[in-house]
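Remarks on the structure that follows.
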Amino acid sequence: QQQVKQSPQSLIVQKGGISIINCAYENTAFDYFPWYQQFPGKGPALLIAIRPDVSEKKEGRFTISFNKSAKQFSLHIMDSQPGDSATYFCAAIPNNNAGNMLTFGGGTRLMVKP
Amino acid sequence: NAGVMQNPRHLVRRRGQEARLRCSPMKGHSHVYWYRQLPEEGLKFMVYLQKENIIDESGMPKERFSAEFPKEGPSILRIQQVVRGDSAAYFCASSPRPGVPEAFFGQGTRLTVV
């Protein structure tokens, strides 16, 4: 059972454009939602994260929008640059104090064209 | 402060051999997580360990896979009698304690079974 669904699988954006990646979750016990960026041959790196008590979080060119009632969240990359070309994963962690096991979405391969 | 260290980076094994993957967490981190990433897929949780204890192994295949995190030394993920379907990237992540949701990933071990 895929608990976090991510779309699109791949995305091509022109330099300077906005990249938007969407995720939806099913488990209402999730209460922490990080995004990870992964370059080829590297491990995932934490990019930005949000808790459901806020609807938006912005860090530089990266913004997470969160819709708790719809159980959806999205990553917006403003002024996308070729260096942003990578695979992006949304993830979720439940509030059960049993550990921080991440449930990942399937990933979005972003290509930013110069 | 070194990050999460995984070795080897690449491992080739023939079918039926054993694979041993090592993970040294970040300094001060006593919680280790192993994830598997199949080609073109997202990461899937395998096992969560603290020093000398397996906390959650709900993502581990029932046979051939085992993990440990001894009092001294790195965490080890062991795969016995490898099969072609075990070919994947295996990532280790560490965190200082369960209440801190940010997990830091190593660069992974890419296992190829021939």
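In the text below, chain A, chain B and the rest are named by the order of the sequence lines, each starting its count at 1. Note: hydrogens, waters and symmetry copies are ignored here, and every other heavy atom, side chains too, is used.
Both the backbone and the side chain of A:Leu102 come within contact range of chain B, judged by heavy atoms closer than 4.5 Å. For B:Gln6, no part sits under 4.5 Å from any heavy atom of chain A, backbone or side chain. Using a 4.5 Å cut-off between heavy atoms, B:Tyr35 touches chain A through its side chain atoms alone. Heavy-atom distances place the side chain of A:Gln38, and not its backbone, under 4.5 Å from chain B.
Between B:Tyr48 and B:His31, the ring planes are parallel. Angles under 30° get that label, and only those over 60° would be called perpendicular. Below 30°, between 30° and 60°, or above 60°: for A:Tyr25 and A:Phe73 the angle between ring planes is between 30° and 60°, a tilted geometry.
Salt-bridge formation is detected for the pair B:Asp86/B:Arg64: a Lys NZ or Arg NE/NH1/NH2 atom is positioned less than 4.0 Å from an Asp or Glu carboxylate oxygen. Between B:Glu18 and B:Arg20 there is a salt bridge, since a side-chain N of the basic residue sits under 4.0 Å from a carboxylate O of the acidic one.
Side-chain contact check for A:Ser69 and A:Asn67: at least one donor-acceptor pair (N or O, by modelled atom type) lies under 3.5 Å.
Among A:Ala91, A:Pro44, A:Gly107, A:Pro34, the residue with the largest count of heavy-atom pairs under 4.5 Å with chain B is A:Pro44.
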